[in-house]
Amino acid sequence: MLLRLIERTAVLLVSLAVSSVLVFGFLAVLPGDPARVALGVNASDEAVAELRRQFGLDRPLTTQYFDWLGGMLQGDFGLSYISKAPIGPQITDRFQVTLWLVVTSVVIALVVAAPAGTVMAARHRQLSGLALSALSQVGVAVPAFLAGILLIMVFAVKLGWLPANGWTPPAQDPGMFLRQLVLPALSLGLVQGAVLTRYVRSAVLDVLREDYLRTARAKGLRPFPALWRHGLRNAAVPVVTVLGLQLATLLIGAVVVERVFVIPGLGSLLLDGVSNRDLLVVQDVVMVLVVAVLVVNFLVDLLYVALDPRLRVTR
Amino acid sequence: MSDVLTVQGLTVSVRDVALVSDVELTVGPGERVGLIGESGSGKSLTALSVLGLLPEDVLAAGSVRLSGVDHELIGADERRMSRVRGRHLAMVFQEPMTALNPTMRVGDQVAEAMLIHRTRSSRRAARIAAAELLELVQLPGVMRTYPHQLSGGQRQRVVLALALANDPALLICDEPTTALDVTVQAMVLDLIMRGVAARESALLFITHDLAVVATVCQRVLVMYGGRVVESGPVTEVFTRPRHRYTEGLIAASDLESADSGPADVGLATSAPRRLPTIPGNVPPAGQFPDGCVFRNRCAHATETCATLPPWTGTPTQGFACHHPAGASDA
Ligand SMILES: Nc1ncnc2c1ncn2[C@@H]1O[C@H](COP(=O)(O)OP(=O)(O)OP(=O)(O)O)[C@@H](O)[C@H]1O
Ligand code: SF4
Ligand SMILES: [Mg+2]
């Protein structure tokens, strides 16, 4: 257990280091220098040189890299090339917004996928199971932004039940916060849930074929309790894996959905950074997203050990 | 005294192909009955029909009655069957490596067998009983271990402990030692024998191994092609087989200890004897000849054998063959 923790932590640290080099390196090798990109093609050479000096862009790349990395480790994300405002506080605010959106949609995805996938597996020969399978196929094919637009059309425009867009922090007005959260979280969560349903289905189908489930039945458990008590934890292992792998897709989905619903999250910050040609903002946000993915996958790895005793080092 | 298990006219089929036909089988109180036959003869399907745990597309017809249970088991709904399984009727399967839930502690899996049927008053009482059961199968102190920490033989003993937890009237073992090392087979067999003896449970024991049958069972049924072709006391069947298939089995085996009849469990020295090969192959399910199922492999087959041989003898001892071995004295 301890060995695994140390090993996984080492893997996490190495991947963090490598990805920071990649993120920094990718933006550094992009053609054009960030100062010129920020000021536009018509800016005078003096202005560009002034900005380069001001932001230390005239220093060697390695110095810039370690400066950037060291700053981030202390929570200093640097200043925007455009607004000259510190980027850190913005990221903190935006991160919370995206976190709400992503966590809520993961919960929705699980709430949809766990029962739907289980029913699909248990009834894979009956009409109800096949119908659910077909429905999830459709769900898989729909991109999140399209789901968002459809949901807006139905529930905001046509029925007027929920606001079409916007964001209110929970502390300011919890009711409004929830009402505004519903549609974006659904558009992300339902699509993700449809994908996950298929994995839940195959995981449960595998478990249903296991000998230990027959043992459970032979003990006198009825089919559903047998699956619940003996199958759930075993089926959770592959599902958790997929959930971890889906996180990257989910974050990309969140970027788009934030745009559709006008939500001030990390995704909007990223897209604003791109359209303002504010390269340091882009670099910081991408790095934060990468760190989030790596840390979650690290946690997923630890979760396996909790789920499956075979992975613990034997006595 | 009435029988513990009574199976009548049991037929198992998948999409109109009969896999098991017309099986008659009784097990008396405390009796130990063996079920032998080559691979694919329908032994496991017969056992699973009794338990009501056939695969989805496989259907059973006929009658299965168990003493102490006031309803027919074939076709009984899940609610009723779940009260019978694990309580009146328990089963040990062939493959111990996969029979236990890998994510649950061994002690909890044994205790659960009692909690499901409320045969112990509390979770605590069930855990204490589970520890005792595990001690009886010579596994003290394994309550908190997980299955992967145990060997195949140890796991099979856990399965035995949980099968015996509620003192079932009938224990079915489907090749319980086939997957185990020779050295641990004898121990597991001994524990099975002691377990059923202590509870006065009846035993239906499925195996390939004639020597094991001779050791464990009092009576034996020989299956071939989904039918019971011969049955009777072990000594009788092994020394004076009547059906030509049984005769082939015995003749080709080196079952020198069969004469001594059910001996004490002294198997540790003798290697297990798999069923010997009889000329020809077992046809795939549903492609056995009509009439006598053995007639495409039988040296004594005549035209008469194209009609189904009738059962000769009593329900507990007899055979189904037109030209039985040792017929001169009959
Ligand atoms: N689900 C199924 N669908 C179709 N055929 C099946 C199914 N299960 C078993 N059979 C067939 O039924 C026949 C009897 O199977 P069974 O498992 O009862 O044999 P067995 O006597 O237990 O053999 P073994 O000694 O190999 O365990 C075999 O020919 C097998 O192929
Ligand atoms: S009935 Fe005929 S074919 Fe069948 S075993 Fe007897 S002699 Fe052989
Ligand atoms: Mg079998």
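Within every chain, numbering begins at 1; the chains are lettered A, B, ... in the order of the sequence lines, protein sequences first and strands thereafter.
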Asker: I need the minimum non-hydrogen distance between B:H148 and A:P309, along with the two atoms involved.
Answerer: CE1-O, 3.3 Å
Asker: Between chain B and each of A:R229, A:E210, A:R217, A:R233, count heavy-atom pairs under 4.5 Å; write down the option with the most.
Answerer: A:R217
Asker: Given a strict heavy-atom distance threshold of 4.5 Å, which part of B:R79 is in contact with chain A: side chain, backbone, both, or neither?
Answerer: both
Asker: Which heavy-atom pair separates B:I116 from A:G220 by the least distance, and what is that distance?
Answerer: CG2-O, 3.6 Å
Asker: Report which part of B:Q109 has an atom under 4.5 Å of a heavy atom belonging to chain A: side chain, backbone, both, or neither.
Answerer: both
Asker: Under a 4.5 Å heavy-atom cut-off, does chain A meet the side chain of B:A99, its backbone, both or neither?
Answerer: both
Asker: For B:R105, check salt bridge (charged side-chain N to carboxylate O under 4.0 Å, His left out) against everything at least two apart and list the hits.
Answerer: none
Asker: When rounded to the nearest 0.5 angstrom, what is the spacing between OG1 in B:T103 and NE2 in A:H230?
Answerer: 8.5 Å
Asker: Could you please state which residues from residues 105-113 of chain A sit under 4.5 angstrom from chain B, measuring non-hydrogen atom to non-hydrogen atom, sorted by number, or 'none'?
Answerer: none
Asker: Quick check: does any side chain N or O of B:S82 sit under 3.5 Å from a backbone N or O of A:R222, one acting as donor and the other as acceptor?
Answerer: no
Asker: Side chain, backbone, both or neither: which part of A:L307 has a heavy atom under 4.5 Å from chain B?
Answerer: backbone
Asker: For a quick test of reading the model, state the closest non-hydrogen atom pair linking A:R214 to B:L53 and the distance between them.
Answerer: O-CD1, 4.0 Å
